[in-house]
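Input: a single structure, listed below in structure tokens.
Here the structure is a predicted model, which is why all the values come from computation and not from measurement.
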Amino acid sequence: MARLKTATGELETIDVPFAVEYPSYGSLHVDGRYATYIGSSPTSGAVVVRLDVTTGTHEVLRRSGDVPVDEGYISVARPVEYPTANDLTAHAYFYPPVNQDYTAPEGELPH
């Protein structure tokens with residue numbers, strides 16, 4: 001995030017310390033001192049966050065759900081590329097299987 005000082009044209013970066021926790025955000029609304037938006041991550045549900053753009057402090061106003069899910073069960077997408085016809089490259093997301101309670105037998109591949 002950044003703040004544009006319209007009088008000078010200067011772009012000032014706003015430090016968002018919790019961006020690691022909610023690296024994806026949208027539906028941004030700014031009203032003077034506060035920026036309110038929906039933040040999310042691959043391993044947590046969406047939250048409504050209010051950021052004080054002056055101090056950098058934030059507050060989670062609402063969560064999309066109250067049921068916590070252990071990250072040991074959540075598959076996080078990995079971007080992959082692979083060759084296709086005519087020397088082109090296709091792009092996709094791979095969701096590796098995750099289940100912290102299961103270990104496949106040695107040498108066994110998925111069916």
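- Heavy atoms only, all atoms of each residue included: Y82 and A92 are closest at CE2-CB, 4.1 Å.
- Considering all non-hydrogen atoms of both residues, L28 and A35 come closest at CD1-CB, 3.9 Å.
- The main-chain N or O of A46 is found under 3.5 Å from a side-chain atom of S64 such that the two form a donor-acceptor pair.
- The two residues T84 and A90 have their closest heavy-atom pair at CG2-CB, 3.4 Å.
- Considering only heavy atoms from C-beta on, L51 stays 4.5 Å or farther from E59 through its side chain.
- With sequence neighbours excluded, the residues forming a side-chain contact (heavy atoms from CB on, under 4.5 Å) with V69 are I74, listed by chain and number.
- A single hydrophobic cluster is not seen to contain both V48 and V30; linkage of ILVMFWY side chains at heavy-atom distances under 4.5 Å, directly or through other members, places them apart.
- Not counting sequence neighbours, the partners of R3 by the salt bridge (charged side-chain N to carboxylate O under 4.0 Å, His left out) test are E12.
- For OH of Y102, the number of neighbouring non-hydrogen atoms (other residues, nucleotides, ligands) closer than 6.0 Å is greater than 12.
- Considering only residues two or more places apart in sequence or on other chains, Y34 meets the side-chain contact (heavy atoms from CB on, under 4.5 Å) condition with R50, D52.
- Taken to the nearest 0.5 Å, the CZ atom of R33 stands 6.0 Å off from the OG1 atom of T55.
- Under the side-chain contact (heavy atoms from CB on, under 4.5 Å) criterion, D87 pairs with no residue at all, not counting sequence neighbours.
- When all heavy atoms of N99 and Y73 are compared, the pair lying nearest together is OD1-CE2, 3.6 Å.
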L61 and V49: CA distance, side-chain angles, deciding distance, side-chain contact (heavy atoms from CB on, under 4.5 Å) verdict: CA-CA 6 Å; L61 302 176; V49 178; over 6 Å; no
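- Across all non-hydrogen atoms, the minimal contact from G72 to V98 is O-CG1, 3.0 Å.
- Remark: D70 pairs with no residue by the side chain to side chain donor-acceptor pair (under 3.5 Å) rule, at least two apart or across chains.
- Nearest heavy-atom pair, F94 versus V80, reported as atom, atom and distance to 0.1 Å: CB-CG1, 3.9 Å.
- Every residue two or more places apart in sequence or in another chain that forms a side-chain contact (heavy atoms from CB on, under 4.5 Å) with T89 is listed here: E81, H91.
- Listed for the S75 side chain is a donor-acceptor partner under 3.5 Å among the backbone atoms of P96.
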